[in-house]
Chemist: 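If you scroll down you'll find the structure; I have some questions about it.
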Amino acid sequence: MKSVVTTVVTAADAAGRFPSTSDLESVQGSLQRAAARMEAAEKLASNIDNVAKEAYDACIKKYSYLNDAGEANSTDTFKSKCLRDVKHYLRLINYCLVVGGTGPLDEWGIAGQREVYRALNLPTAPYVEALSFARNRGCAPRDLSAQALVEYNSLLDYVINSLS
Amino acid sequence: MLDAFSRAVVSADSKTACIGGAELDSLKSFIADGNKRLDAVNVIAGNASCIVSDAIAGMICENQGLIQAGGNCYPNRRMAACLRDGEIVLRYITYAVLSGDASVLEDRCLNGLKETYAALGVPLQSTGRAVGIMKASSLAHINNNNTEAQAGSRYKKNEMAQGDCSAITSEAGSYFDRVISALS
């Protein structure tokens, strides 16, 4: 799993040298920014059900045709799966906040995403809408601190870009 | 390869759960004590050649047969290989200390090491003893309680912030123990 530390260690190992001062500097830089990421991860973890539900409701409201017979949100099973997918992305964002890189999203969310949605005949626009809603819903300092919100929003942007 | 953070992610993913509560608290203490970890890595890396040569010399002092004809450190060539291996093991231990997880040590160093040494006829007990000496001197460096009496003319004072290093000491010690148990 790619993170600042594993990148530094991989580079040092390839050169066969002990961790150098500059290696330690880059690890320290990532640790300094980590407090805000941990705050965002904690808030998201404690509130993920509500965040996912709101985002899901917003996208179904915009794309109400999805409720029609035969569409992706037509039955209760489909509805719960749509909500689960939104929550799945938010959980991966929680992981990325902890790791401090996009590794979990890249490996478990984005790789193969296009092929899966195409094979299942799912539209990606509703996902974009749901995540955009979450992107614009967060508010500092009401929900979390400004720096934490920046970290959270930039990961949402990353997923939105991957889907659009 | 994993670090403390990605280890938490992988174990949370296997339960399809978010990371929060207790797991985050342990990661927060990892962040809060980050400078102790970096100091520990820095001090081991900075004294690496001393730690390694002391350990190999100590191992030989305790078992003179190693440098007699037929011993495994007998011609310079094999002694040099021994010093090189000591440095490699110590290097992977610093990687493990830096990442807060033993996966890099396990995957890239210990996996198959015992079998390799057995095939090459390297005495595992002596190797384990050398790692044990490296452990003692590395932990003394981390705690900054190495003394002139122990090191003699090679004594070098490390300027570091003073504080409670018991957590990082026991963590670093566990990586050395992992090497020793992998070889025995």
Side-chain angles (χ1 to χ4, degrees), chain A residues 1-21 23-49 51-52 84 87-88 90-101 103-105 107-108, chain B residues 1-13 15-21 23-49 51-52 84 87-88 90-101 103-105 107-109:
Chain A
M1 177 80 51
K2 201 171 151 67
S3 73
V4 173
V5 176
T6 55
T7 310
V8 158
V9 168
T10 307
D13 190 28
R17 57 173 167 73
F18 280 88
S20 67
T21 317
D23 293 337
L24 299 181
E25 286 286 342
S26 36
V27 173
Q28 210 222 1
S30 106
L31 288 178
Q32 273 175 351
R33 293 178 52 128
R37 288 193 279 106
M38 293 299 141
E39 185 200 333
E42 190 168 24
K43 293 271 166 59
L44 180 58
S46 64
N47 219 9
I48 192 163
D49 289 326
V51 176
R84 179 205 61 188
K87 200 167 153 185
H88 179 65
L90 292 172
R91 181 167 60 84
L92 292 179
I93 288 175
N94 169 262
Y95 293 167
C96 289
L97 287 166
V98 170
V99 171
L105 269 175
E107 289 177 29
W108 299 330
Chain B
M1 193 203 310
L2 298 174
D3 59 14
F5 297 94
S6 39
R7 171 72 68 193
V9 164
V10 170
S11 70
D13 185 57
K15 296 177 287 191
T16 343
C18 272
I19 300 175
E23 290 142 315
L24 263 186
D25 286 342
S26 78
L27 293 173
K28 280 178 184 166
S29 70
F30 182 100
I31 294 165
D33 288 344
N35 275 334
K36 290 179 185 172
R37 184 174 297 275
L38 298 179
D39 275 351
V41 173
N42 191 32
V43 81
I44 297 177
N47 293 286
S49 64
I51 294 171
V52 171
R84 178 204 62 194
E87 188 175 316
I88 290 174
L90 188 62
R91 185 159 58 79
Y92 281 104
I93 287 172
T94 60
Y95 294 162
V97 175
L98 182 60
S99 48
D101 190 88
S103 65
V104 59
L105 177 66
D107 297 349
R108 299 194 176 196
C109 179

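So you know, we letter chains A, B, ... as the sequences are listed, proteins then strands, and number each from 1.
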Chemist: Do B:Phe5 and A:Val5 make a side-chain contact, defined as non-hydrogen atoms from C-beta onward lying under 4.5 Å apart?
Modeler: no
Chemist: Taking side chain as everything from C-beta outward and backbone as N, CA, C, O, which of these in B:Ala17 sits under 4.5 Å from a heavy atom of chain A? Side chain, backbone, both or neither.
Modeler: backbone
Chemist: I need the contact set between residues 30-37 of chain B and chain A: heavy-atom distance under 4.5 Å, sorted by residue number.
Modeler: B:Phe30, B:Ile31, B:Gly34, B:Asn35
Chemist: Can you say whether B:Ile88 sits under 4.5 Å from chain A via the side chain, the backbone, both, or neither, judging by heavy atoms?
Modeler: neither
Chemist: When you check the side-chain N and O atoms of A:Thr6 and B:Asp3, is any donor under 3.5 Å from an acceptor?
Modeler: no
Chemist: Within residues 37-45 of chain A, which positions have a heavy-atom distance to chain B below 4.5 Å?
Modeler: A:Met38, A:Ala41, A:Glu42, A:Ala45
Chemist: Give a yes or no on whether the backbone of B:Cys18 and the side-chain of A:Asn94 come within a donor-acceptor separation of less than 3.5 Å.
Modeler: no
Chemist: Among the options B:Glu23, B:Arg7, B:Lys28, pick out the one with the most heavy-atom pairs lying under 4.5 Å from chain A.
Modeler: B:Lys28
Chemist: Answer with side chain, backbone, both or neither: which region of A:Leu31 has an atom nearer than 4.5 Å to a non-hydrogen atom of chain B?
Modeler: both
Chemist: Let me confirm one number: the CZ-CD1 distance from A:Phe18 to B:Ile44, rounded to the nearest 0.5 Å.
Modeler: 8.5 Å
Chemist: At a heavy-atom separation under 4.5 Å, does A:Thr10 approach chain B through its side chain, its backbone, both, or neither?
Modeler: both
Chemist: Checking A:Val4 against chain B: side chain, backbone, both or neither under 4.5 Å from a heavy atom?
Modeler: neither
Chemist: Heavy-atom distance under 4.5 Å to chain B: side chain of A:Pro104, backbone, both or neither?
Modeler: side chain
Chemist: For A:Arg33, I'd like to know if atom CZ has over 12 heavy atoms of other residues, nucleotides or ligands within 6.0 Å.
Modeler: no
Chemist: Using a 4.5 angstrom heavy-atom cutoff, name the option from B:Val10, B:Leu2, B:Leu98, B:Val41 with the most pairs to chain A.
Modeler: B:Leu98
Chemist: As an exercise, state the distance from OH of A:Tyr95 to CD1 of B:Ile19, rounded to the nearest 0.5 Å.
Modeler: 6.0 Å
Chemist: Which one, A:Thr21, A:Val8, A:Val9, leads in non-hydrogen pairs under 4.5 Å with chain B?
Modeler: A:Val9
Chemist: Answer yes or no: is there a side-chain heavy-atom contact under 4.5 Å between B:Val9 and A:Trp108?
Modeler: yes
Chemist: Find the one option among A:Ser3, A:Gly101, A:Pro19 whose heavy-atom pairs under 4.5 Å with chain B are most numerous.
Modeler: A:Pro19
Chemist: Heavy-atom distances under 4.5 Å only: say whether A:Asp13 touches chain B with side chain, backbone, both or neither.
Modeler: both
Chemist: With a 4.5 angstrom heavy-atom cut-off, could you sort out which part of B:Thr16 is near chain A: side chain, backbone, both or neither?
Modeler: both
